[in-house]
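Read through the structure below, which is laid out as structure tokens, and then see the notes.
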Amino acid sequence: MPRKILVTSALPYANGAIHLGHLVEYIQTDIWVRFQKMRGNECWYVCADDTHGTPIMLRAEKEGLTPEALIERVQREHTRDFAGFHVGFDNYYTTHSPETRACANEIYRRLQAAGLIETRTIEQYYDPLKEMFLPDRFIKGECPKCAAPDQYGDNCEQCGSAYTANELRNPYSAVSGARPELRQSEHYFFRLSDARCQAFLRRWTQGEGRLQSEAANKLQEWLGPPGENHLTDWDISRDAPYFGFEIPDAPGKYFYVWLDAPIGYMGAFRNLCARSGIDFDEYWRADSMTELYHFIGKDILYFHALFWPAELEHAGYRTPSKVFAHGFLTVDGAKMSKSRGTFITAESYLAQGLDPEWLRYYYAAKLSASMEDIDLNLDDFIARVNADLVGKLVNLASRSAGFISQRFAGQLCTCDESLRALQAIGEKQAAIAEHYEAREFGKAMREIMALADLANQYVDSVKPWEMAKQPGRESELQQACSNTLNLFRRLIILLKPVLPALAAKVESFFNVAPFTWDDVRSVLAAGHAIRPYRHLMTRVDKKQIAALVEANRESLTTIAPPAAPQKHAEQQEKAAAVAVAQAAVATANGGAHLTLDEFMRVDLRIAQIREARQVEGADKLVQLLLDLGPLGTRQVFAGIKTAYDPARLVGRLTVVVANLAPRKMRFGLSEGMILAASDPDGTTPGIFLLAPDAGAQPGMRVK
RNA sequence: GGUGAUGUAGCUCAGUCGGUCAGAGCGAUGGAUUCAUAACCCAUAGGUCGGUGGUUCAAUUCCACCCAUCACCA
């Protein structure tokens, strides 16, 4: 009997573009969902934009839009990006919907009836100019511990200490610059500290297979040892002005993210049900026999494994069957970085003409069921996609189809089902299915590629090209090519969850109905006619990747938020708040202060001068070849000719700005800047090159 | 600072519930081949399995500590 499954991915915040980090999750989820559907299960995949909160409100204001207009535009962009990567949602909705509002109100009422909602008066900073209460991240001031200036209202980036916004010295509003006043306000809390919640969560989090083992450990830590209660109540309200849902019977109070974002999963599904006749209650009632899975980033585990199930349980709904957390994406071993050009948006990837299935395959090859981060190594990406997808897989069709089309009018003969390679695929099918089911996509890809190796070995062993040259071996040739195409067909079926567009092209090439998982067991009948072969996939060109990185590189002079690898829900709101606050502060103080974050974006490195020579036609420039150790070598033009003889520079160590945008000069490309001191007034003449103390090695970071 | 995770060949990663498991793919080198998008096939890698100590007949695999990286800290 088919399973009934509801799957969600985390809701992206409606304040930014989808990037390669987000796509790890959506591609992971999509592969899993496509696999379930191929097996004949009833599986629904819903998601939505998370649209509420102060950052959205302020950004809309800044752009001169209504919040509604802003979130509508962002939703269109997100929908386009996801579709571009073949992420096949059954519904991609918005939390700013009547369905989500109805669900939020209902859950709130039920929690209230259960005695789990209480109000408390809290003291909070208020911006008298903007006439609004300020979230912690929108208040800045001096750190109460180390007196560092311009620190946010929750913790100090200088000394790392945590505190409350009320402890900041000389606080100011990051929105208006005004000095905030402490005011009292009544807030609504969900009583997560209630004994009922704790008892439920201790049981729920230890449920069989509910969470990955690393996640379960983490939850133990959060819950505290038995007998202790580490859970605290959660503030679920915000004061007007706020973009969100007003709390029923509480004018001027709005639901904070906890009480509307994940409920967006329900809202999106309810909307789908209304359109397609699915029974909402069958999936959400407390005794539901259906399965519910949330794919999330590890950053929002706390929320999805504690707050959300407690909320559902005590509002009389079913709780998630399992929560699947994944790690973050790094690019070339480091956090995505705008200055390095590795903060790559989905849109730019597609705009550069890169094939979305390259990325889907690469992610699949790297993904496992664990919470470990995965690395997108750009060189490895090129090598892997070209070798596996083009060299091994697509090549099977490419090297057989020509013979079938030209010599046999496109007709296949009976496939030899006793073929070892063909049987091997049948034997591995169940194991591969288990890998997909367990989200061990990397293992599945390794198995499939090993099978593709067998297929290529088969072709090599029978040598169809020799048969083609010897008269009288026509039937042998047809047999060899029919066998190869059947091998290819089976491999494509196994890869269809990962490569849906390629699979569709192959279905068309073979002139057959869409593949299902069980089709692996069959072969194409004798006499079946295929269509002419056209290239199914092109190779990745190094230049395309270089262009992609260049297109995403942002110069240091632009005010930009620090690169957030992947953030959702509340985390996203924080990141968005940081961005807004930074922009506001930069405007407010004319850039007088530099935050540590901003400074750290300047990548200073020790460099050794390998070569130095005069530049013909330039009276100030010296052309240098710098050795940055592990970072390789750079060509840099420096305006130090008046003070230094090139010959005496060779071998010296100095400091270079390694992530300065390369600049094209008349004499060539300059890929960095070396640091030197000089008197701006010219009172003291000369240029003085910086040099590290003895022991520094090329490539060392300076900070 | 606390907690969790990771650290295996040039690169990306498997793997070992302690003893023929030190592995794969890519890259590189040599060979073969020419059907195929210079693809495919065969052969070749002497990496102290992060460091130090401990437990053991035996540790890369267990324990402790240390170092590095990453994440989380409501």
Side-chain angles (χ1 to χ4, degrees), chain A residues 145 154-155 159-162 190 192-193 212-224 230-235 258 297-303 305-307 325-330 332-335 362 365-368 370-404 406-407 440 442-443 445-450 452-469 477 480-481 484 488 533-541 565-567 570-571 574 630:
Chain A
K145 307 270 160 51
D154 49 3
N155 68 294
C159 68
S161 54
F190 174 67
L192 193 63
S193 66
Q212 293 130 298
S213 61
E214 314 103 281
N217 288 343
K218 203 78 183 159
L219 267 291
Q220 283 295 46
E221 180 191 327
W222 284 332
L223 283 163
H230 288 198
L231 300 176
T232 57
D233 296 340
W234 281 51
D235 190 344
W258 319 121
K298 60 186 180 180
D299 55 323
I300 51 175
L301 182 64
Y302 188 91
F303 183 58
L306 291 179
F307 190 86
H326 60 80
F328 292 135
L329 179 74
T330 55
D332 284 344
K335 272 190 197 181
Y362 189 76
K366 287 277 183 104
L367 277 166
S368 73
S370 84
M371 280 167 40
E372 279 175 56
D373 292 350
I374 68 169
D375 184 45
L376 167 58
N377 180 287
L378 295 173
D379 289 335
D380 187 49
F381 172 80
I382 296 167
R384 192 144 199 167
V385 166
N386 287 345
D388 288 359
L389 293 184
V390 182
K392 284 182 187 170
L393 186 71
V394 167
N395 187 39
L396 285 168
S398 182
R399 67 194 307 198
S400 324
F403 291 124
I404 292 290
Q406 287 155 30
R407 307 262 193 132
E440 290 288 357
K443 286 185 175 148
M445 295 307 106
R446 274 194 295 281
E447 293 277 16
I448 294 169
M449 283 308 145
D453 286 340
L454 287 182
N456 276 303
Q457 284 159 20
Y458 163 74
V459 177
D460 200 67
S461 71
V462 293
K463 304 189 186 354
W465 55 93
E466 287 183 5
M467 298 172 181
K469 286 174 192 158
L477 176 62
C481 294
T484 305
F488 173 67
Y533 178 79
R534 270 176 296 181
H535 281 328
L536 293 165
M537 183 174 276
T538 58
R539 312 172 67 79
V540 191
D541 190 323
Q566 177 163 11
K567 298 288 176 183
E570 180 253 10
Q571 298 287 341
K574 269 193 185 172

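Since the model is a prediction, treat every value here as computed from it, not as a measurement. The sequence lines fix the lettering, A, B, ..., with proteins before strands; numbering per chain opens at 1.
With both pairing distances under 3.5 Å, B:rU44 is matched to B:rA28 as a Watson-Crick or G-U wobble pair. Remark: B:rC62 base-pairs with B:rG54; criterion is Watson-Crick or G-U wobble with both hydrogen-bond distances under 3.5 Å. Nucleotide B:rG7: paired with B:rC67 (Watson-Crick or G-U wobble, both distances less than 3.5 Å). Judged by Watson-Crick or G-U wobble contacts below 3.5 Å, the nucleotide B:rA38 has no partner. Pairing of B:rG23, defined by two Watson-Crick or G-U wobble distances under 3.5 Å, is identified with B:rC13. In this entry B:rG1 has B:rC73 as its Watson-Crick or G-U wobble partner, both defining distances falling under 3.5 Å.
Residue contacts shown for A:D375 are limited to sugar-phosphate atoms, with no base heavy atom under 4.0 Å away. Using a 4.0 Å heavy-atom distance criterion, A:G402 is classed as making no nucleic acid contact. Within the 4.0 angstrom heavy-atom criterion, only backbone atoms of the sugar-phosphate kind lie near A:A383; the bases stay farther away. No engagement by A:D379 is indicated, since no non-hydrogen atom pair under 4.0 Å with the nucleic acid exists. Counting any heavy atom pair closer than 4.0 Å across all strands shown, A:L536 reaches a base atom. No contact: A:F307 has no heavy atom under 4.0 Å from any strand.
As rounded to whole Å, 12 Å separates atom P of B:rG27 from atom CZ of A:R384. Rounded to whole Å, atom C1' of B:rA74 lies 17 Å from atom NZ of A:K298. Straight-line distance from the CG atom of A:D453 to the P atom of B:rG25: 7 Å, rounded to whole Å. Atom P of nucleotide B:rA39 and atom CE of A:M537 are separated by 16 Å, given to the nearest angstrom.
Smallest separation of non-hydrogen atoms from A:V459 and A:P464: O-CD, 3.4 Å. In this structure, A:T330 and A:D375 approach most closely via the heavy-atom pair OG1-OD1, 2.8 Å.
Taking 4.0 angstrom as the limit, A:K335 places a side-chain polar atom (N or O) nearer than this to OP1 or OP2 of B:rA71. Between A:K366 and B:rC13 there is a side-chain N or O to OP1 or OP2 distance below 4.0 Å. A close approach under 4.0 Å does not occur between any side-chain nitrogen or oxygen of A:R446 and OP1 or OP2 of B:rC13. Look at A:K469 and you'll find a side-chain N or O under 4.0 angstrom from OP1 or OP2 of B:rC35. The side chain of A:Q406 places no N or O atom within less than 4.0 Å of a non-bridging phosphate oxygen (OP1 or OP2) of B:rC35.
Closest to the side chain of A:H535, out of B:rU12, B:rC40, B:rU37, is B:rU37. Taking every side-chain heavy atom of A:N377 into account, B:rC11 is the closest of B:rC42, B:rU6, B:rC11. The nucleotide whose nearest atom lies closest to any side-chain atom of A:V394 is, among B:rC41, B:rC72, B:rU37, B:rU37. Between B:rG15, B:rU12, B:rC41, one nucleotide has an atom nearer to the side chain of A:K443 than all others, and that is B:rG15.
When the C1' atom is compared between B:rG15 and B:rA74, the two are found 37 Å apart, to the nearest whole Å.
Ring planes of A:Y362 and A:F381: perpendicular class, angle over 60° (limits at 30 and 60°). Ring orientation note: the planes of A:Y533 and A:H535 are nearly perpendicular, at an angle over 60° on the 30°/60° scale.
Positionally, the nearest nucleotide of RNA chain B for A:A365 lies more toward the 5' end than for the other of A:E466 and A:A365. Two residues, A:Q457 and A:R539, neighbour RNA chain B, and the one matched to the more 5' nucleotide by heavy-atom proximity is A:R539.
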